[in-house]
Colleague: 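Below: one structure in structure tokens.
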Amino acid sequence: MNNQPLIRLKAITKRFKGVIANDAVDFDLYPGEVHTLLGENGAGKSTLMHILSGLVQPDSGSIEIRGESVNIRSPYDSLRHGIGMVYQHFALVPNLTVIENIILGFEEGLILNRKRTESVLKQIFKEFELSLPLDEKISNLSVGERQRVEIAKALFHRSDVLILDEPTSVLTPIESEELFNTVFSMRRMGKAVVFITHKLKETIGISDRISILKLGKKVAEMSGEDLRQVGEEEGYRRIFDVMFDNTQLPKDTTTIKRSSEEMPILELDQVVCLGNFGEMRLKKLSLKLNKGEIFGIAGVDGNGQKELAEILAGQRKVVSGRLILDGNDITHEEGAGTRTDLGISYITDDRMQEGCALSMSVAENSILRLFKRPPFSRRKIMNKANINRHAEALIREFDIKVSGPDVDVGTLSGGNIQKILLARELSLHPKVLVCNKPTQGLDAKTTRYVKDRLQQESVRGTAVLFISSDLDELLSCSDRIGVLYDGELLDIVNRCDANRENIGKLMLGIRQ
Amino acid sequence: MLFEEALFVTVLASTLRGSMPMLLAALGETYAESAGILNLGIEGMMVAGAFASFLVGLQTNMVPLGFLGAAIIGAVLGGIIGFLVIGLRLNQIVVGLGMTVFTSAFCNLLHRIIFGSQFPMLWGAGMTTEIPVLSKIPIIGQPLFNQHWLVYVTLALVPVLYFLLYRTSLGLRIRAVGETPWAADASGVNVYGIRYLTIILAGVLASTGGAFLAIGDLAFFIPDMVKGRGYIAIVVVMLGRWNPIKVFLGSLLFGFALSLTSALQVAGLKVSPDFILTMPYLVVILTLIIIAKSTSLPAALCVPYKRGE
Ligand SMILES: Nc1ncnc2c1ncn2[C@@H]1O[C@H](COP(=O)(O)OP(=O)(O)OP(=O)(O)O)[C@@H](O)[C@H]1O
Ligand SMILES: [Mg+2]
């Protein structure tokens, strides 16, 4: 390997109010390597990369690019040094088109020259096997596509360095594979890739080097090759050792056996609903959820999962059919607040837009939709002390990395924002819990914890509708799995009969 | 027949002339709002522009210098608003309204100090420029091609500003900044620079609009002559959905309402003049009712930006 690093971060330190996000971190990046950054939620991974991309200014430390000391004062500087970043929460303008987003900031000349841009992009798409609808607005794209737009943007800038901040936590397994292919072709071309993830399997699979952050400090650097040689189990153990201070791998505890008597609590009867463009998304879907079960919904993204969750949460109209909760027809009792009051909680997969009010405090977010209830308010007057106590309890319970309940949610790390959302909805002990990709962006320990909590909720009698595109996750904790394909429930498989093959086939629409 | 033709000509000419102050202000506002700044100081900027143009014109006895003076004052006021809402990140609504209240009162005061209760005329102001051949076209020739030079400039500005906003890199950056400033910043766009640019442009155009009122259309200054045209401009911008061409059409609508007011008065209709005078504002309310439901504002309108927050 080349012995001159492309990028060298030296003793980078960054403090925010009340937290030290990076504490004298050294980080090298060589051409033609994939350098993975691991660490718990809030360990400082995004912050370190934001410093490299110019979005955050370090308090101290220095940056060298190709051996020369540089001063990165803004994203502009960073981009001109050939550094491209795919942000954890995409830096795209939703109501501009794909092509407009790609050229933004890198337009040549005053008058936009579409033809030239298009031919450059065609070349890049061919080189990296990408494809994108150039004239579609970003808001109409799936998350996977949005991510490809960001990657295309970095490639369009001819970046030598690509930083990917948790790219796979929003991708389906198939999309992840495609992403890895792009990453590998970049590596072949001598570009360098920084990869942030919480998934250990892919870490070992694709990394040349691995750095682990813990509470802002860099605590270890490992070689990917070494880990691959010692085998997966041992590799995981080594990583866990440093990340969480214990050698014990969290065990799958999904062996709790529950009584199998069926007590339907929620029933969907021939439900039809429409998508954002008036197209039919759920086609006469019928489903019975039993008390105390975890019902997994498998399926390739975009087959009606989002719509299913939203009609239950009261955020989307049911065109025909009925929703029955505990024997009562609730089809027309719409609105998120109403449904929460009825006992249906919803953990959305879109924490930034729908899940949290980013400019409000942790305390306020912990009681969204609950603020009318005692003890949080009496006679329309909020009780701040009670709200703060509640928030503090959740912070402790979910180990949320935040200096206090008054901090704005928008400043938290991605995983910690997700924890707030989970903490709030789980604290309600609802009758029905609808969760869409609840573990996205969470570190391994917290993922384990959340799955345990879902188990506990179900033991307590809650019916959990667990939507995910991660098959392994579904197989490990669902009692039954329904496969959603093109707005229909193709089949429902009991846990004992479910395996990767038969569910995988159903996901592609192949009925046995 | 002759009377009808005369009425038509008058209404056409005065629609065009009457819509100019709003159009100029609204074009500037289109840019500011597209970049995320709601400029409620627009009304005050128009008043300041009207007064400055009149004062400078009177002092130097050169009308064009009056327009220049107005433009400079507009740029300064735009810069001040910019500093307050971009630099200090103060609330745009408070700053804008404050600017309007302050400049209106200040111009009023200054006018009183300088002129007492007199309203002198500025000789040479309000002159039209006849375009050779075209103004000879029957009927429409005079109303369309015998107008003040600023009318021609403003009309030419409409397609230029449209092109700039929707077909150039600058326009793309402006729209990105108004929608998702942090994404624009992360793409290497200078968010603060773009916002300063648009608010200063908005100031220049609003003040020039005010100047047109005082020394383009008329030839004197009265402190309350702007009469809510700035606020109407804001409505026009929403009506036109941040598209300079549609903003132009919207301005014409209000110009028409204004000119009908005078035409009806001239025609001696037996309606209360007070009612006739409320017409333009009725149009405002009606349009607001119609568009209110379907307007999607630039997402970052009124939201200050600070990197890393
Ligand atoms: N703008 C900010 N203001 C205040 N605190 C911040 C800000 N940005 C980050 N932090 C804090 O810095 C710490 C590190 O955050 P960072 O986003 O780097 O974590 P991360 O490792 O990316 O975590 P995750 O895996 O959850 O994305 C967190 O405690 C976070 O709350
Ligand atoms: Mg992060």
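Scope of the values below: all heavy atoms of this structure, side chains included, with no hydrogens, waters or symmetry mates. Chain naming here is simple, since letters A, B, ... match the order of the sequence lines and numbering starts at 1 in each.
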Colleague: Side chain, backbone, both or neither: which part of A/L110 has a heavy atom under 4.5 Å from chain B?
Modeller: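 For A/L110, backbone and side chain are both near chain B.
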Colleague: Answer with side chain, backbone, both or neither: which region of B/R173 has an atom nearer than 4.5 Å to a non-hydrogen atom of chain A?
Modeller: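 Both parts, backbone and side chain.
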Colleague: Can you list everything that forms a side chain to side chain donor-acceptor pair (under 3.5 Å) with B/Q92? Sequence neighbours excluded, please.
Modeller: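 For B/Q92, no residue satisfies side chain to side chain donor-acceptor pair (under 3.5 Å) once neighbours in sequence are set aside.
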Colleague: Any idea which of A/N95, A/D77, A/N101 has the most non-hydrogen atom pairs under 4.5 angstrom with chain B?
Modeller: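 It is A/N95.
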Colleague: Output the distance between atom OG (A/S53) and atom CG (A/L55), rounded to the nearest 0.5 Å.
Modeller: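 One finds 5.0 Å between OG of A/S53 and CG of A/L55.
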Colleague: Can the positive tip of A/R80 be found less than 6.0 Å from the middle of the six-membered ring of A/F106, inside 45° of the ring normal?
Modeller: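 Yes - A/R80 lies over the ring of A/F106, closer than 6.0 Å to its centre and within 45° of its axis.
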Colleague: Below 30° counts as parallel, above 60° as perpendicular, anything between as tilted: where do the rings of B/F67 and B/W149 land?
Modeller: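 B/F67 and B/W149: perpendicular rings.
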Colleague: Assess whether side-chain hydrogen bond (donor to acceptor under 3.5 Å, both in side chains) is satisfied between A/N22 and A/T47, documenting all intermediate values.
Modeller: CA-CA 7 Å; A/N22 289 150; A/T47 305; 5.2 Å; no
Colleague: Contact part of A/L104 toward chain B, heavy-atom cut-off under 4.5 Å: side chain, backbone, both or neither?
Modeller: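 Contact with chain B: backbone and side chain both.
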Colleague: Is A/Y87 in contact with chain B via its backbone, its side chain, both, or neither, using a 4.5 Å heavy-atom distance?
Modeller: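 Just the side chain, heavy atoms under 4.5 Å.
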Colleague: For a quick test of reading the model, state the closest non-hydrogen atom pair linking B/E33 to B/P298 and the distance between them.
Modeller: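 Heavy-atom minimum between the residues: O-CG, 3.4 Å.
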Colleague: Under 4.5 Å heavy-atom distance to chain B, tell me which part of A/S74 shows up: side chain, backbone, both or neither.
Modeller: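 Contact with chain B involves both backbone and side-chain atoms of A/S74.
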Colleague: Which residue out of A/M85, A/E100, A/H89 racks up the most heavy-atom pairs below 4.5 Å with chain B?
Modeller: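 Going by pairs under 4.5 Å, I would pick A/E100.
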